[in-house]
Amino acid sequence: MIWFGGDWNPEQWPASVWATDVELMRRAHVNLVTVGVFSWSRLQPTPETFDFGWLDQVLDLLADNGIGACLATPTASPPPWFTDGLPVTADGVRLTPGSRDTYCVNAPAYRELSERIATELARRYSGHPALRMWHIHNEYGTTCFCDHCALAFRRWLAGRYGDPAELNAAWSTDFWSQRYGSFEQVQPPRTTQYLGNPAHLLDYRRFVSDAMLGHFVAQREIVRPSGRPVTTNFALGGWVPVDHARWAREVDVVAVDDYPASVGDHLAERAFTADLARGWAGGEPWILMEHAPGAVRGPDGVTRALAPGQARAAAGTYLDRGASGVMYFQWRASRGGAEQWHPAIVPHEGPDTPVFREIADVGAALRGRTPERPTASRALLYDEQTMWAWQSPHLPTRDIDYEATGRRWHHALGSPVDVLPVDAPLDSYRLVAAPLLYLMSSATHAALRSYVRGGGTLVLTFACGLTDEHCRVTPGSLDDLLGVRIVRHLPGEGHRWLDDVEPAGAETVRRLDGRPVVTEHRYGQGLVRYLATDLADIAPWLSPSRSA
Ligand code: GLA
Ligand code: ZN
């Protein structure tokens with residue numbers, strides 16, 4: 001069976017609409033709806049009072065109609081009475097309720113309230129016949145710089161480094177006199193005078209990811225005795241301070257949200273998200289938890305309708321890549337509120353409309369379908385910590401977009417291809433590509449060497465392995481593997497960037513203006529291909545055999 005449905009926010013509508021909604025859900029073959037995501041102020045109108053009557057009715061109605069509930073804990077949007085635990089920006093501005101996601105996961109008061117509402121929900125609904133899955137929170141992503149965060153950050157650093165001397169070494173604090181005498185002296189990377197320390201910035205993102213994970217795990221443990229799978233929906237993008245490869249090990253089922261930006265290329269964008277989710281899931285089921293029905297919103301802020309048939313093509317893209325569920329945001333368009341113009345399965349104009357008809361057709365087509373289990377012989381490594389490192393303040397160029405490059409390589413690799421975190425097992429692949437893998441720990445260095453030694457073909461590019469996991473430069477660290485000496489980096493030359501290489505064992509298979517730009521090196525039983533510049537046409541270099 002494939003999960004099919006979306007976010008349903010019945011609290012935005014009078015109860016008289018609910019029966020119509022459920023009737024329409026049946027018509028559209030919906031079998032799962034996410035409920036309660038933004039309902040905290042309804043469920044707990046004051047700190048001391050709870051009101052579950054309406055949710056009882058909603059869940060009963062779903063159960064009576066054979067529709068499952070993916071029941072959310074509402075902690076992504078605290079009610080207006082919540083004032084102790086508001087987040088603080090890097091500039092020191094304490095944010096005010098008025099939108100959503102206005103919380104600090106390290107504030108004890110917020111943690112306590114989150115666990116309390118989760119406990120109430122678990123107590124009341126763990127045995128409910130509609131309950132299929134728990135949806136903790138929503139799109140974790142608020143970065144905070146408050147004093148609670150400062151304390152928690154110091155504890156996290158002490159756990160990671162043990163001794164300030166280790167921290168000083170990892171963060172290269174002798175640069176600009178940043179040497180710490182104790183962990184107590186460390187601050188979150190709040191707004192400062194000039195460039196911040198890249199290692200400090202990167203560790204803060206790792207810390208924020210772990211702190212939010214702590215918030216997730218606390219709720220997961222509360223709802224777990226129900227025996228239902230527990231998940232949270234991953235938001236994607238460079239701003240999201242969540243290390244999804246790490247989180248994937250903590251959710252019972254990986255769930256991702258996907259909002260492509262272009263009408264023309266939306267299927268390629270979806271394919272990347274799907275392959276990424278499958279890689280995080282590591283062979284276990286994964287779900288597309290949200291996508292917009294019938295439209296995409298571009299970076300220009302314009303919501304554009306998809307052509308007829310494209311909603312079905314979109315669903316097919318996720319399903320072909322192994323999705324166990326295809327869900328939308330949202331079921332019924334909101335009359336008011338910030339996202340009142342967001343596309344919905346039931347638009348403002350009602351169900352007798354093109355989008356409803358098309359989504360209902362998708363639902364009909366999915367009946368009887370079971371999840372695919374694609375297998376690929378080629379893989380793309382995609383590392384979110386590297387994406388964060390590419391946001392460091394003073395890189396040799398601003399002209400590198402890690403995410404866009406990952407997408408371009410993914411497209412060039414074709415299908416099927418697995419998109420994998422850097423610590424995934426690689427031995428089953430004939431070819432592994434790792435463009436722009438700037439950050440490379442010694443574990444990654446070892447894993448890549450062992451993969452090639454065993455007979456794999458590895459494709460690396462300029463700017464790979466420039467630093468260790470603390471953003472400390474590691475010159476020459478790939479030379480033995482690549483069979484070249486990289487003598488300098490020339491950003492702005494060649495295509496975007498050019499590494500000046502002297503072959504030392506490798507064979508040059510392509511030159512640009514006389515300089516080697518693609519080399520190949522036999523290493524153990526395998527082959528390493530190196531692209532020293534950002535070639536426009538990468539497809540010819542993605543085959544697992546020798547090019548020359
Ligand atoms: C995210 C959120 C939803 C909604 C959609 C549409 O995925 O999880 O609540 O805001 O985006 O913008
Ligand atoms: Zn905080």
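In what follows, residues are counted from 1 in the order of the sequence shown. Worth saying up front: this structure is predicted, and the values here are computed from it rather than measured. For ligands, and for the atoms within them, numbers begin at 1 and follow the listed sequence.
Below 4.0 Å from some heavy atom of Asn138 lie the following atoms of ligand 1, by number and element: 2 (C), 8 (O), 9 (O). Below 4.0 Å from some heavy atom of Glu139 lie the following atoms of ligand 1, by number and element: 1 (C), 2 (C), 7 (O), 8 (O). Contact atoms of ligand 1 toward Phe38: 9 (O) (distance under 4.0 Å to a heavy atom of the residue). Listed by number with element, the atoms of ligand 1 under 4.0 Å from a non-hydrogen atom of Glu290 are 1 (C), 2 (C), 3 (C), 5 (C), 7 (O), 8 (O), 11 (O). Ligand 1 places these atoms under 4.0 Å from at least one heavy atom of His342: 6 (C), 12 (O).
Formation of a donor-acceptor pair under 3.5 Å by the Arg100 side chain with backbone atoms of Pro97 is not found in this model.
With a heavy-atom cut-off of 4.0 Å, His137 does not touch ligand 1 at all. Counting heavy atoms closer than 4.0 Å to ligand 1, residue Gln330 contributes nothing at all.
Classified by interplanar angle (parallel below 30°, tilted 30° to 60°, perpendicular above 60°), the ring pair Phe52/Phe50 is parallel. Between Phe153 and Trp171, the two ring planes are parallel [angle under 30°; tilted spans 30° to 60°]. Ring pair Phe234/Trp280 is perpendicular by interplanar angle, where above 60° counts as perpendicular and below 30° as parallel. Using bins of under 30°, 30° to 60° and over 60° for the plane-to-plane angle, the ring pair Phe216/Trp247 lands in the tilted bin.
Under the 6.0 Å distance and 45° angle rule, Arg332 counts as a cation-pi partner of Trp13.
Looking only at heavy atoms of the protein, atom 5 (C) of ligand 1 is closest to Tyr259 OH, 3.3 Å. In terms of protein heavy atoms, atom 12 (O) of ligand 1 is closest to Glu339 OE2, 2.9 Å.
Centred on the Zn ion (ligand 2), the SG atom of Cys104 and the SG atom of Cys144 lie at an angle of 110°, reported to 10°.
Judged by the shortest distance from any of its heavy atoms, Arg100 lies inside the 4.0 Å radius around the atoms of ligand 1.
Residue His148 does not count as close to the Zn ion (ligand 2), with no N, O or S atom under 2.8 Å.
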Requested in this report: Evaluate the ring pair (Phe, Tyr, Trp, His ring centres under 6.0 Å) criterion for residues Phe183 and Tyr161: first the C-alpha distance (whole Å), next the side-chain angles of each, then the deciding distance (0.1 Å), finally the verdict.
Outcome: CA-CA 10 Å; Phe183 289 112; Tyr161 296 105; 7.5 Å; no

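For the residue pair Tyr259 / Glu269, no side-chain donor-acceptor distance below 3.5 Å is found, with atom types taken as modelled.
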